[in-house]
Amino acid sequence: MKSKSNNETRDAILQTLASIPEGRVCTYGTIARLAGSPGQARYVGYILKTLPHPTSIPWHRVINSKGKSAFPPGSDKYSMQMTRLKQEGIVVVDSASGETIEMSTCFWPDS
DNA sequence: GATATGACATGTT
DNA sequence: CAACATGCCATAT
């Protein structure tokens with residue numbers, strides 16, 4: 001029987017997200033690639049968006065390739081994410097267009 | 001099944 | 001560095 005949807009892929013992505021250690025950040029594309037599905041960066045974002053609110057997924061550790069939050073600055077989630085990242089020890093640089101995450105020191109998997 | 005949208009990535013201008 | 005354009009794929013209508 002055929003699956004209604006690729007729950008395996010979704011689960012793989014969720015597993016990858018849950019595998020991000022504290023004090024580290026990762027980009028959507030990297031997560032998708034680690035999950036075994038390169039190019040599905042959008043899928044990762046879609047999952048997080050549709051995730052239940054009381055989720056154990058550290059979505060705040062997920063950022064885009066620009067090194068910034070995926071939400072518009074000033075939004076609740078944006079502030080919450082930045083607060084959490086700083087609390088985890090992640091370096092965030094204040095920039096004119098918003099706070100930029102120093103992934104050079106917090107990127108995962110670093111090695 | 002086609003069209004539109006999306007918590008993206010990458011390249012070019 | 002910023003804006004624009006293109007690719008990639010799943011979900012919603």
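Numbers restart at 1 for each chain; the letters A, B, ... are given by sequence-line order, proteins then strands. The model shown is predicted, which means the values in this text are computed figures rather than measured ones. Heavy atoms only: backbone and side chains are in, while hydrogens, waters and symmetry mates are out.
Paired with A:V62 under the rule side chain to side chain contact (heavy atoms under 4.5 Å, CB included), one option of A:I31, A:T16, A:I57 passes, and it is A:I31.
By the 4.5 Å heavy-atom criterion applied to side chains, A:P21 and A:W108 are counted as neighbours.
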Side-chain donor/acceptor pairs under 3.5 Å, residues 89-106 of chain A, sequence neighbours excluded:
unit_1	atom_1	unit_2	atom_2	d
A:E99	OE2	A:K86	NZ	2.7
A:T105	OG1	A:E102	O	3.0

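Residues satisfying the side chain to side chain contact (heavy atoms under 4.5 Å, CB included) criterion with A:K49, sequence neighbours excluded, are A:Y46. Applying the side-chain hydrogen bond (donor to acceptor under 3.5 Å, both in side chains) test to A:R24 and every residue at least two apart in sequence or in another chain returns A:D110. Applying the side chain to side chain contact (heavy atoms under 4.5 Å, CB included) test to A:P109 and every residue at least two apart in sequence or in another chain returns A:T30, A:L34. Under the side chain to side chain contact (heavy atoms under 4.5 Å, CB included) criterion, A:S79 pairs with no residue at all, not counting sequence neighbours. Under the ring pair (Phe, Tyr, Trp, His ring centres under 6.0 Å) criterion, A:F107 pairs with no residue at all, not counting sequence neighbours. Residues that satisfy the side-chain hydrogen bond (donor to acceptor under 3.5 Å, both in side chains) test with A:E88, not counting sequence neighbours, are A:R61. Remark: A:A70 pairs with A:Y28 by the side chain to side chain contact (heavy atoms under 4.5 Å, CB included) rule, at least two apart or across chains.
Atom-to-atom, NZ of A:K49 to P of C:dC9 comes out at 18 Å; the value is rounded to the nearest Å. Atoms CD (A:Q40) and P (C:dG7) sit 18 Å apart, rounded to a whole Å.
Close approach of DNA chain B to chain A, defined as any atom under 4.0 Å from a non-hydrogen atom of the protein, starts and stops at B:dG6 to B:dT10.
For the atom pair CD1 (A:I13) and OH (A:Y43), the distance works out to 6.0 Å, reported to the nearest 0.5 Å. Residue A:H60 holds its NE2 atom at 11.0 Å from CG of A:L17, rounded to the nearest 0.5 Å. One distance of note links CZ of A:R84 with CD of A:E22; it measures 10.0 Å at 0.5 Å rounding.
Shown for residues 41-48 of chain A: residues whose heavy atoms fall under 4.0 angstrom of DNA chain C, namely A:R42, A:Y43, A:Y46. Scanning residues 58-82 of chain A for heavy-atom distances under 4.0 Å to DNA chain B yields A:W59, A:N64, A:S65, A:A70, A:F71.
Under 4.0 angstrom from either OP1 or OP2 of C:dA2 there lies at least one side-chain N or O belonging to A:S97.
Within 4.0 Å (heavy atoms only), A:T9 reaches no atom of the nucleic acid at all.
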message = Let's test your reading of the pairing rules: Watson-Crick or G-U wobble, both distances under 3.5 Å, then write DNA chain B as a dot-bracket string with ( ), [ ], | and dots.
response = .|||||.||||||
